[in-house]
Chemist: 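Encoded as structure tokens, here's the structure I'll be asking about.
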Amino acid sequence: MDDSEPKLLQRILDPVLGFFENIGTTVSLTLQTVAWLFRPPFRIGQMLAAMDFIGVQSTFLVGLTGLFSGMVVALQSVYALKQFSAEANVGGIVAVSLMREVSPVFSALMITARAGSGMAAELGNMRVTEQIDAITTMGVSPVQYLLSPRLLAGVTMGPLMCMLYSTIGMVGCYLVAVALLGGDWGFFLRSIHDFARPRDLFMGLVKGSVFGFLIASIACRHGYFATGGARGVGMATTRAVVESCVAILVANYILTQTMLGDI
């Protein structure tokens with residue numbers, strides 16, 4: 001009985017200690033990555049390549065999901081507002097919804113699914129094949145060469161993908177509310193003018209930047225410290241995607257409550 005108590009306590013504490021160890025490792029590596037952003041040589045080529053991978057190559061996926069998100073939000077809004085004879089306001093309502101919540105969250109989730117998993121897998125493969133050790137042997141900091149450009153690209157491309165999502169989402173809203181359901185084009189534009197504010201766009205852009213930072217930080221952490229061959233790379237990639245999605249949703253609530261001034 002005495003021997004089983006330490007084992008039971010260990011089973012309880014191991015997940016808790018592992019959770020905090022994971023957070024500490026991520027924060028420590030991210031601080032190193034940020035510090036290297038301000039130290040020469042500046043890896044412009046690496047940064048542009050990371051921006052292309054995270055942003056440009058995600059354009060089609062983000063645009064496609066944005067189109068259908070705008071369409072379905074418009075469809076739901078029209079049928080809900082018809083009960084109050086207020087369907088003319090659908091454009092403004094959808095615009096605010098997209099800019100504040102839908103665009104930053106869903107574009108970040110799409111970036112996580114495509115670019116976040118790719119970064120974790122690429123860095124993990126470099127780790128298990130000792131390519132990162134080779135970079136260190138050549139006197140180059142792997143954090144500066146591999147991680148800093150990805151972090152900066154995530155912060156930069158996050159809000160741009162959010163804007164793309166919102167723009168194409170409003171195209172989808174127009175197709176449903178005006179072209180499909182016969183709404184008035186003038187009322188559609190007027191409602192956007194009456195409801196949408198620069199603050200709504202600013203909120204979405206801030207969220208997009210923060211989410212991009214989280215995606216890059218978490219993906220780089222798991223890929224950089226991957227072990228155990230191909231199986232370890234797969235597990236690191238899975239953890240990176242899951243943790244990024246959870247972090248995005250948690251951060252979304254915190255940012256929303258903060259920027260709406262409710263606390």
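Predicted model, so just to flag it, every value in this text is computed and none were measured. One-based numbering along the sequence shown.
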Chemist: Measuring only between side-chain heavy atoms, which start at C-beta, is Ile135 closer than 4.5 Å to Gln131?
Modeler: no

Chemist: For the side chain to side chain contact (heavy atoms under 4.5 Å, CB included) test, which of Cys220, Ser217, Pro142, Ser141 pairs with Leu147?
Modeler: Cys220

Chemist: Please examine the side chains of Pro104 and Tyr165, heavy atoms only from C-beta on, and report whether any two atoms are closer than 4.5 Å.
Modeler: no

Chemist: With distance as the sole test, does Ser58 use its side chain to make a donor-acceptor pair with the main-chain N or O of Ile111 at under 3.5 Å?
Modeler: no

Chemist: Starting at CZ of Phe211, measure out to CG of Leu249 and round the result to the nearest 0.5 Å.
Modeler: 8.0 Å

Chemist: Ignoring hydrogens, what is the shortest heavy-atom contact between Ala240 and Ala120? Give both atom names and the distance.
Modeler: CB-CB, 3.8 Å

Chemist: Among Val72, Val78, Leu75, find the one that has a side chain to side chain contact (heavy atoms under 4.5 Å, CB included) with Val176.
Modeler: Leu75

Chemist: Considering residues, nucleotides and ligands other than Gln76, do more than 12 of their heavy atoms fall under 6.0 Å from its CD?
Modeler: no

Chemist: Say whether Arg221 and Asn22, considering side chains only, have a donor N or O and an acceptor N or O under 3.5 Å apart.
Modeler: yes

Chemist: Take atom CZ in Phe42; do more than 12 heavy atoms of anything else shown fall under 6.0 Å from it?
Modeler: yes

Chemist: With no hydrogens and no angle check, is any side-chain donor or acceptor of Thr59 less than 3.5 Å from a backbone partner on Val56?
Modeler: yes

Chemist: Which heavy-atom pair separates Val102 from Ser69 by the least distance, and what is that distance?
Modeler: CG1-CB, 4.3 Å

Chemist: Show, in sequence, the C-alpha distance, side-chain angles and deciding distance for Thr237 and His222, and conclude whether the side-chain contact (heavy atoms from CB on, under 4.5 Å) test is met.
Modeler: CA-CA 7 Å; Thr237 303; His222 285 289; over 6 Å; no

Chemist: Test side-chain hydrogen bond (donor to acceptor under 3.5 Å, both in side chains) on Ser103 and Ser166; report intermediate values, then the result.
Modeler: CA-CA 6 Å; Ser103 296; Ser166 296; 2.7 Å; yes

Chemist: Under 6.0 Å from the OH atom of Tyr224, do we count more than 12 heavy atoms belonging to anything else shown?
Modeler: yes

Chemist: Quick check against the 3.5 Å criterion: does Thr65 have a side-chain atom that pairs as donor or acceptor with the backbone of Val62?
Modeler: yes

Chemist: Might you work through the side-chain contact (heavy atoms from CB on, under 4.5 Å) test for Met203 and Leu255, ending with a clear yes or no?
Modeler: CA-CA 8 Å; Met203 182 183 296; Leu255 291 171; over 6 Å; no

Chemist: Does Val105 belong to the same Ile/Leu/Val/Met/Phe/Trp/Tyr cluster as Val73, with side-chain heavy atoms less than 4.5 Å apart forming each link?
Modeler: yes

Chemist: Work out which heavy atom in Ile54 is nearest to a heavy atom in Gly154; give both atom names and the distance.
Modeler: CD1-N, 3.8 Å

Chemist: Do side-chain atoms of Gln46 reach the backbone of Tyr145 as a donor and acceptor pair under 3.5 angstrom?
Modeler: yes

Chemist: Would one find more than 12 heavy atoms of other residues, nucleotides or ligands at under 6.0 Å from atom CE of Met163?
Modeler: no

Chemist: In terms of heavy-atom contacts, does CZ of Phe195 have more than 12 from other residues, nucleotides or ligands at under 6.0 Å?
Modeler: yes

Chemist: Might you point out which heavy atoms bring Ser77 and Ile93 nearest each other, and give the distance in Å?
Modeler: OG-CG2, 4.5 Å

Chemist: Assess the residue pair Thr227 and Val128 against the criterion (side-chain contact (heavy atoms from CB on, under 4.5 Å)); give the C-alpha distance rounded to whole Å, side-chain angles, the decisive distance to 0.1 Å, and a yes or no.
Modeler: CA-CA 6 Å; Thr227 56; Val128 299; 5.7 Å; no

Chemist: Within the side chain of Gln144, is there an N or O that forms a donor-acceptor pair under 3.5 Å with the backbone of Arg43?
Modeler: no

Chemist: Are Met170 and Leu81 linked, directly or through other ILVMFWY residues, by side chains that come within less than 4.5 angstrom of each other?
Modeler: yes

Chemist: Might you work through the side-chain contact (heavy atoms from CB on, under 4.5 Å) test for Leu175 and Leu180, ending with a clear yes or no?
Modeler: CA-CA 6 Å; Leu175 291 175; Leu180 180 62; over 6 Å; no

Chemist: I need the Leu214 CG to Cys245 SG distance, nearest 0.5 Å.
Modeler: 11.5 Å

Chemist: Honestly curious: do Val143 and Ile215 fall in one hydrophobic cluster under the side-chain, below-4.5 Å linking rule?
Modeler: no

Chemist: Between NZ of Lys207 and OG of Ser107, what distance do you get to the nearest 0.5 Å?
Modeler: 11.0 Å

Chemist: Taking Ile218's backbone N and O only, do any of them form a donor-acceptor pair with Thr26's side chain (distance below 3.5 Å, no angle check)?
Modeler: no

Chemist: Going from CG on Asn89 to CD1 on Ile192, what distance comes out if it is rounded to the nearest 0.5 angstrom?
Modeler: 11.0 Å

Chemist: Please confirm whether the backbone N or O of Met259 pairs with a side-chain atom of Arg199, one donor and one acceptor, at under 3.5 Å?
Modeler: yes

Chemist: Does the side chain of Arg127 reach to within under 4.5 Å of the side chain of Asp133, using non-hydrogen atoms?
Modeler: yes

Chemist: Which heavy-atom pair separates Asp200 from Arg100 by the least distance, and what is that distance?
Modeler: OD1-NE, 2.7 Å

Chemist: Taking a hydrophobic cluster as the set of Ile, Leu, Val, Met, Phe, Trp and Tyr residues connected by side-chain heavy atoms closer than 4.5 Å, whether directly or through intermediates, do Leu181 and Val94 fall within one such cluster?
Modeler: yes

Chemist: Between Leu61 and Met110, which heavy-atom pair has the shortest distance, and what is it?
Modeler: CD2-O, 3.9 Å

Chemist: Under 4.5 Å between side-chain heavy atoms, counting indirect links through other Ile/Leu/Val/Met/Phe/Trp/Tyr residues: same cluster for Val242 and Phe225 or not?
Modeler: no

Chemist: Could you tell me whether a side-chain N or O of Ser209 sits under 3.5 Å from a main-chain N or O of Leu205, the two making a donor and an acceptor?
Modeler: no

Chemist: To the nearest 0.5 angstrom, please state how far the CD1 atom of Ile132 sits from the OG1 atom of Thr137.
Modeler: 12.0 Å

Chemist: Say you draw a straight line from CE of Met99 to CZ of Phe202; how long is it, rounded to the nearest 0.5 Å?
Modeler: 13.5 Å

Chemist: When you compare the side chain of Leu64 with that of Ile168, does any pair of heavy atoms fall below 4.5 Å?
Modeler: no

Chemist: Treating Arg150 as the side-chain partner and Leu146 as the backbone partner, does any N or O pair qualify as donor plus acceptor under 3.5 Å?
Modeler: yes

